[in-house]
Amino acid sequence: MSSNAKPAGIKKGDVIDSFKPWMIVPLINSSFKLPDALPKVHEIQETGIFEHFFWDENPTVKSFSPSMLKTFLTSALQKRTIEGYTVVTALAVANAIKREVDKSKIKRVINEKELDLTEEEEELITEGWTVLKNSSWSWSLWLGLYDAVRQSVYLTSLQHPLAEYAKIVLPKLSLDELKQAYTLMHAADYVTIAVTCEDEHIFLYLAQAIQDAVEPIPVAFLLSNPMIQTSWMNSQLSCLPNCALDWNRTEEKLQIVALYDLLKDEELQISRVVEAETLDERQCLFKRRFHRACECTRCKIEEKGLRRIEVNQQDLVRMGHLAFRESRFDAALQYYRLVIQQEKNAEMPSAWSDSWHAIGAVLLAQKKFVEAQRHWQEAATKHPSLNKHHGIAQELAKQSAYGFLAKGDNQLKTVVDKVDENGSCTNNHQSLPRYTSYFNELCFLTTDPAVSQETCEWIISLVETSKNWTTNRHYAVPTNDVPVHHLNPLSSWFNKWMASTVYPLLEAQFNLEGNHFFVHDAFVVRYLASKSSKFLPIHVDESTHSLVLTLNSDFEGGGTYFFDYQTTLCPMRPGSLISFRGETLKHGGNAITKGVRYILAVFLYHDPSKEQKQKGRKRPLSLIRERDEKEQFSFDFKL
């Protein structure tokens with residue numbers, strides 16, 4: 001990829017280019033390979049990166065003292081610091097050279113006093129030099145090599161092979177094979193394993209235990225030969241990158257992947273200081289590595305304030321997305337609001353519309369469900385073109401279907417039609433189904449049906465004849481489902497059932513006001529024993545409260561597994577209802593072994609602020625600061 005490349009029509013997630021790095025250094029203390037005794041372990045493609053460490057390749061190389069090298073590497077890697085990783089990478093480069101080094105080929109050899117080193121770096125570099133016995137490695141030459149390496153190295157991490165095994169292979173194992181893997185890992189102490197585990201949820205337990213125990217493995221990529229030239233990427237560095245490097249294990253190449261939709265002729269930019277948080281930390285690290293200050297948009301904004309520089313809408317949106325990812329919600333809202341206060345830019349129209357949608361998403365992440373819904377409705381009312389924005393259109397469709405926001409009115413309401421699925425039920429608390437509590441009243445299971453079996457059968461027949469099945473609505477935990485609001489007969493029944501039965505039931509169970517619950521999502525899920533959709537991995541929901549309504553009983557296996565309590569709830573009576581704190585309890589769906597399982601899942605937000613007036617409230621734009629005020633506002637503060 002050349003430095004003057006000007007991509008056009010690049011979309012988020014597109015692979016722009018790929019290349020083989022000059023060198024790869026796994027930053028681990030010893031060779032790593034999954035044990036052959038693990039069932040079906042060979043079904044995953046193990047990368048050769050983790051199979052050896054550079055001192056094992058040629059232990060007779062005279063440039064090193066093998067014992068001193070191994071001692072130093074173990075010590076340096078245990079510190080898990082950027083400086084330690086970089087020194088280890090420099091030693092790997094020295095090992096790769098193996099012969100007399102032509103000093104003229106080192107692109108930079110600087111005087112010790114001119115090389116900006118931290119105290120830790122200087123200590124590590126000095127200790128690393130002691131393992132080099134070859135006289136060609138003078139102190140000055142070693143410093144030059146280290147400086148060249150830290151400019152060229154790209155530090156990242158790759159998925160642990162055991163985590164990949166848990167994700168790809170475990171779902172394919174039989175119960176006996178799962179027991180074999182469980183026993184092996186417990187005996188070998190690969191992960192912390194419970195002494196006993198019931199067969200029905202051994203798969204979900206083992207998969208989550210592995211994910212919790214193993215961490216990504218740090219790896220250093222040398223993008224180009226540091227002895228000859230600096231990588232083209234060093235001239236296109238930014239703390240607000242528009243692309244990232246991703247390792248393709250199949251092709252054994254680094255891929256340049258777009259983080260956003262790119263503007264026409266937009267220059268590619270990556271980040272090399274992602275480990276630094278504050279402006280001062282990033283600038284200090286940048287100057288040490290590249291001998292210059294960073295002049296990216298993010299650094300300019302944080303140093304000078306928005307009044308002193310000109311920032312386009314696209315960069316403001318990306319600053320908002322960055323703050324959102326880091327859970328700096330107030331900062332994210334302020335960036336997005338700066339965009340919507342401006343006129344839509346014809347060259348970057350999505351920035352303006354995406355900001356309107358993103359504001360509601362941030363409010364939802366803050367559990368301000370009511371305010372988020374009001375915002376989306378206000379956006380579509382003021383700017384009718386926003387009705388065509390995919391995200392906003394989805395939210396408006398749910399508002400209409402679930403009836404909690406009266407059209408043309410800024411007052412939220414809960415549907416209170418006092419009818420059941422057959423049209424004659426009252427909202428009498430005495431008629432509510434009985435229930436049992438679990439997990440210190442974080443979860444409840446009805447002992448009486450909350451819905452009749454006839455209604456459950458009607459729901460199944462309705463969705464099975466529907467063409468609205470989806471598999472991509474839930475990015476983190478995909479399900480094979482039909483959204484309730486896509487089927488008018490189902491959504492009509494659903495609203496009546498929620499008002500007459502569910503809201504009063506939740507009020508009694510969780511001691512909360514029932515008319516402050518709002519439906520965020522509702523969908524019928526289908527688990528098939530013969531398909532990959534036979535289970536659901538461990539997760540928490542995007543909700544304050546969640547519901548699982550059993551719709552059928554002609555299946556084997558299945559059930560909702562609560563990881564922290566090692567308990568599966570699998571009511572087999574159609575109409576049984578599980579209600580629990582969705583954001584609190586880690587849970588998953590046990591694999592079914594025979595037949596098809598149907599459930600109705602509901603995500604709810606409890607927001608007692610429904611009567612608060614939010615419209616027209618002013619917010620201080622504290623991002624607009626003069627330079628002498630910037631210390632009063634930190635762009636990287638933690639909420």
Side-chain angles (χ1 to χ4, degrees), residues 38-44 164-186 191 193-211 438 443 445 449 453 456-457 459-461 463-464 469 471 474 477-482 523-539 541 546-578 580 585-601:
L38 279 175
K40 292 186 170 69
V41 69
H42 300 296
E43 289 196 11
I44 66 170
E164 187 175 16
Y165 178 82
K167 182 179 180 180
I168 297 176
V169 180
L170 282 186
K172 302 178 181 179
L173 301 185
S174 66
L175 179 58
D176 288 341
E177 289 172 326
L178 285 169
K179 290 179 178 179
Q180 180 184 347
Y182 180 91
T183 301
L184 176 63
M185 292 183 188
H186 178 63
V191 295
I193 297 291
V195 176
T196 60
C197 184
E198 298 296 330
D199 290 353
E200 60 184 340
H201 49 68
I202 188 172
F203 160 63
L204 286 182
Y205 173 81
L206 191 56
Q208 188 62 34
I210 292 172
Q211 295 290 349
Y438 294 84
C443 176
L445 170 62
Q453 181 168 341
C456 292
E457 293 172 354
I459 294 173
I460 293 174
S461 65
V463 298
E464 278 299 345
W469 287 97
T471 56
H474 305 104
V477 188
T479 55
N480 185 17
D481 62 58
V482 174
F523 47 100
V524 177
V525 183
R526 178 174 60 190
Y527 298 99
L528 294 90
S530 60
K531 303 289 184 180
S532 60
S533 58
K534 64 183 178 180
F535 72 96
L536 200 63
I538 300 296
H539 63 284
D541 292 336
S546 297
L547 311 175
V548 176
L549 177 69
T550 299
L551 296 177
N552 70 315
S553 59
D554 49 340
F555 64 89
E556 295 179 8
T560 303
Y561 170 56
F562 294 91
F563 176 77
D564 291 327
Y565 295 89
Q566 293 192 51
T567 298
T568 294
L569 298 181
C570 187
M572 297 303 292
R573 177 193 289 184
S576 298
L577 181 67
I578 302 173
F580 59 96
L585 294 176
K586 289 197 293 187
H587 62 283
N590 279 332
I592 64 168
T593 56
K594 184 178 181 180
V596 182
R597 180 192 180 207
Y598 296 91
I599 62 169
L600 171 61

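Any value given below was found using the heavy atoms of this structure, including those in side chains, with hydrogens, waters and symmetry copies removed.
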Side-chain heavy atoms of [X] within contact of [Y], under 4.5 Å:
| X | Y | value |
| --- | --- | --- |
| Leu173 | Phe203 | no |
| Leu569 | Cys443 | yes |
| Arg526 | Val596 | yes |
| Asp541 | His587 | yes |
| Phe563 | Leu204 | no |
| Val41 | Val169 | no |
| Leu170 | Ile210 | yes |
| Leu528 | Asn480 | yes |

Shortest non-hydrogen contact from [X] to [Y]?
| X | Y | answer |
| --- | --- | --- |
| Gly588 | Ile538 | N-CD1, 3.8 Å |
| Ala529 | Lys534 | O-CD, 3.7 Å |
| Arg573 | Ser576 | O-OG, 2.9 Å |
| Gly575 | Cys456 | N-SG, 3.5 Å |
| Glu164 | Ile44 | O-CG2, 4.3 Å |
| Ala166 | Pro171 | O-CD, 3.7 Å |

Task: Worked check of side-chain contact (heavy atoms from CB on, under 4.5 Å) between Tyr565 and Lys586 - done: CA-CA 9 Å; Tyr565 295 89; Lys586 289 197 293 187; over 6 Å; no

Working to the nearest 0.5 Å, report the span between [atom1] of [X] and [atom2] of [Y].
| X | Y | atom1 | atom2 | answer |
| --- | --- | --- | --- | --- |
| Met185 | Gln180 | CE | CD | 10.5 Å |
| Thr567 | Tyr438 | OG1 | OH | 9.0 Å |
| Leu206 | Tyr182 | CG | OH | 8.0 Å |
| Ile460 | Asn552 | CD1 | CG | 4.5 Å |
| Leu547 | Phe580 | CG | CZ | 8.0 Å |
| His201 | Cys570 | NE2 | SG | 11.5 Å |

TODO: Start with the C-alpha distance between Lys179 and Ile202, add both sets of side-chain angles, then the distance that settles side-chain contact (heavy atoms from CB on, under 4.5 Å), and finish with yes or no.
DONE: CA-CA 8 Å; Lys179 290 179 178 179; Ile202 188 172; 4.1 Å; yes

Task: Option passing side chain to side chain contact (heavy atoms under 4.5 Å, CB included) with Ile599 (candidates Val525, Val524, Ile578) - done: Val525

Open item on the list: Would you say NZ of Lys40 has more than 12 non-hydrogen atoms from neighbouring residues, nucleotides or ligands within 6.0 angstrom?
Closed with: yes

Task: Side-chain (Asn590) to main-chain (Tyr561) donor-acceptor, under 3.5 angstrom - done: no

Open item on the list: Measuring centre to centre across the rings, with the benzene-like ring taken for any Trp, is Phe555 within less than 6.0 Å of Tyr527?
Closed with: no

